[in-house]
Number of protein chains: 2
Amino acid sequence: MPRAGLSRTAVVRLACDVVDAGGPRGFADLTLAKVAAEAGVAPPSLYKHVGSLAALRREVAVIAVEEITAAGTSATVGLAGADALRGLARSWRRYAVQHPGRYSATQIGADPDDPADAALREAGTRSVAVVAAALQGFGLPDDRLIDAIRAVRSGVHGFVMLELGGGFRMREDVDRSFDALLTMLTAGVEALARHEGTPGDGNGPDRLGDLPGPATAGRPAPLDDAPGSPGRHEHPTPRRPR
Amino acid sequence: MPRAGLSRTAVVRLACDVVDAGGPRGFADLTLAKVAAEAGVAPPSLYKHVGSLAALRREVAVIAVEEITAAGTSATVGLAGADALRGLARSWRRYAVQHPGRYSATQIGADPDDPADAALREAGTRSVAVVAAALQGFGLPDDRLIDAIRAVRSGVHGFVMLELGGGFRMREDVDRSFDALLTMLTAGVEALARHEGTPGDGNGPDRLGDLPGPATAGRPAPLDDAPGSPGRHEHPTPRRPR
DNA sequence: CCGTAAAGCTACGCCCATTAGCCAATGAGT
DNA sequence: ACTCATTGGCTAATGGGCGTAGCTTTACGG
């Protein structure tokens, strides 16, 4: 049995390929069997290099976050204000289109408590820093920076996910729509900076904060500012197990 | 063996519960075994009511889209312009928080060709119509309406997904950020209506259209304007099957 | 040439989806 | 009430994926 010459990083690299080959669903559909097939190896052999499927997923996620952060960084060097924001957003979209699977991997949450997720948490923090840096030039009040970061991330992320989802009829129109989104976002950030914040509609902010929120057995946390600790449970009460 | 009195709709309803109980990941984690346990029935019994796990997923998705459309509709009756937009966006977020699993189900794509997805496609179309209606009052030029719809959906969807993902430290701050996002979006739509569209940065629009796009073996289509037909394939070429 | 650790492998156990085929409960028609 | 077809449930069994255990062989330092 001639050795395949694998290694931890080689396996992760292969996993990245598999994930991207699967399109936006690729990350969710990642399977040790596929990676093993790609490596020319029997599935259990992978355990000599990675701890589990979950661990492999985490590694892919870390790489994806680091890559997209790097892309954003190099897309904004020497730029400021609206130019920086546009460059950043476009680099994200480009990355998402070129690496749909990895981009999806970017979404998984890092458990705030789990030490295994430390690397992912740190990568997430670094990625947020890039956004903050790109927004420097707008002169946002301190207490509005967070809003701007969230809005920019939300807008671009939502657009990209919908685009990757498959939709948005024609590519050209999509490019135009993306440009319109960026215009809206930059205008919005500028408005926020001018302190035109939250005129609202006379109903005050949303106060969704104290909704029941149906036993949200949410997993870990996101790649955002900072995580809150999640709750957990299984099926509430099976009615007649058998 | 006393009958459990199931039915197609009863099973789907249970699946909805299971999905929501699982938080944002609940939809992806949906399993026939869980539904069966919840119903007090052995897993194979479910096949008397639903065709497969995939079919059940589709049914849940249709219900979710219909519900969120209904929520949006009733949240915007009698409103116009910015008020309608805010009402609509808030109803989405509220639905997502109250039904995280179902909201995620909303994301799955409808295959433009598959007749099994017809109901899902139609539900998606209806849901887009509500957004268009809410944007009526802004007096957008025809060729900008689509951009506005996409931006609004993207912004809110991205925000909600990031929020559900687990992040966004404190709830209060999140409400405020959401409000800021809405302010930015309404301002953006108004700007679009004023024809201040796409000043861009002198680099023209993105032209991501002709990127290679790495063999994006994406599944079906999204719940957007209209689908384009997907490509498909498996692993490119296993290197040494065994 | 030897010995050892690392990198494969096969054999298993467990969980899930799905199919096949059996049997009891239900209810329409008599 | 009796019959019997339909229906909804069951068990058994297959196939695939993760993950563990334990064996074997390769590669390499002495």
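Protein chains get the first letters and strands the later ones, always in sequence-line order, with residue 1 at the start of each. Atom set for the values below is all heavy atoms of this structure, side chains included, hydrogens, waters and symmetry mates excluded.
In this structure, the CG atom of A:Leu46 is 14 Å from the C1' atom of D:dT20, given to the nearest Å. Going from atom CZ of B:Arg8 over to atom P of D:dT7 covers 15 Å, rounded to whole Å. Following rounding to the nearest Å, B:Lys48 (NZ) and C:dT18 (C1') show an atom-to-atom distance of 13 Å.
Within the structure, the ring-ring contact (aromatic ring centres under 6.0 Å, His included) test picks out the following pairs touching residues 102-133 of chain B (sequence neighbours left out): B:Tyr103-B:His157.
The base of D:dT7 is paired with the side chain of B:Arg3 by a donor and an acceptor separated by under 3.5 Å.
Contact between the side-chain N/O atoms of A:Ser45 and the OP1/OP2 oxygens of C:dA7 is not found at any separation under 4.0 Å. Not one side-chain nitrogen or oxygen of A:His49 sits closer than 4.0 Å to the OP1 or OP2 atom of C:dA6.
Terminal axes of the helix from C:dC1-D:dG30 to C:dT30-D:dA1 (five pairs each, C1' rotation axis) are separated by 0°, to the nearest 10°.
The structure places OG1 of A:Thr73 at 11.0 Å from CD1 of A:Ile68, a figure rounded to the nearest 0.5 Å. Atom CG of residue B:Leu46 and atom NZ of residue B:Lys48 lie 11.0 Å apart, to the nearest 0.5 angstrom. Separating the NE2 atom in A:His99 from the CG atom in A:Leu164 is a distance of 12.0 Å, to the nearest 0.5 Å.
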N/O contacts under 3.5 Å, protein versus nucleotides 14-17 of chain C?
{"residue": "C:dC16", "atom": "O3'", "partner": "B:Thr31", "partner atom": "OG1", "Å": "2.9"}
{"residue": "C:dA17", "atom": "OP1", "partner": "B:Thr31", "partner atom": "OG1", "Å": "2.6"}
{"residue": "C:dA17", "atom": "OP1", "partner": "B:Leu32", "partner atom": "N", "Å": "2.8"}
{"residue": "C:dA17", "atom": "OP2", "partner": "B:Thr31", "partner atom": "OG1", "Å": "3.4"}
{"residue": "C:dA17", "atom": "OP2", "partner": "B:Leu32", "partner atom": "N", "Å": "3.4"}
{"residue": "C:dA17", "atom": "OP2", "partner": "B:Ala33", "partner atom": "N", "Å": "3.0"}

Nucleotides 13-16 of chain D: which of its N/O atoms have a protein N/O under 3.5 Å away?
none

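Residues B:Lys34 and B:Leu14 fail the side-chain proximity criterion, which asks for heavy atoms closer than 4.5 Å.
Residues B:Arg57 and B:Leu30 approach most closely at NH2-O, 3.2 Å, considering heavy atoms. The two residues A:Ala75 and A:Ser91 have their closest heavy-atom pair at CB-CB, 3.5 Å.
Listed by chain and residue number, A:Glu66 satisfy the salt bridge (charged side-chain N to carboxylate O under 4.0 Å, His left out) test with A:Arg126 (two or more places apart in sequence, or in another chain). Partners of B:Phe178 by ring pair (Phe, Tyr, Trp, His ring centres under 6.0 Å), not counting sequence neighbours, listed by chain and number: B:Phe159.
Of the charged side-chain nitrogens involved, at least one lies within less than 4.0 Å of a carboxylate oxygen, so that A:Arg93 and A:Asp175 count as a salt-bridged pair.
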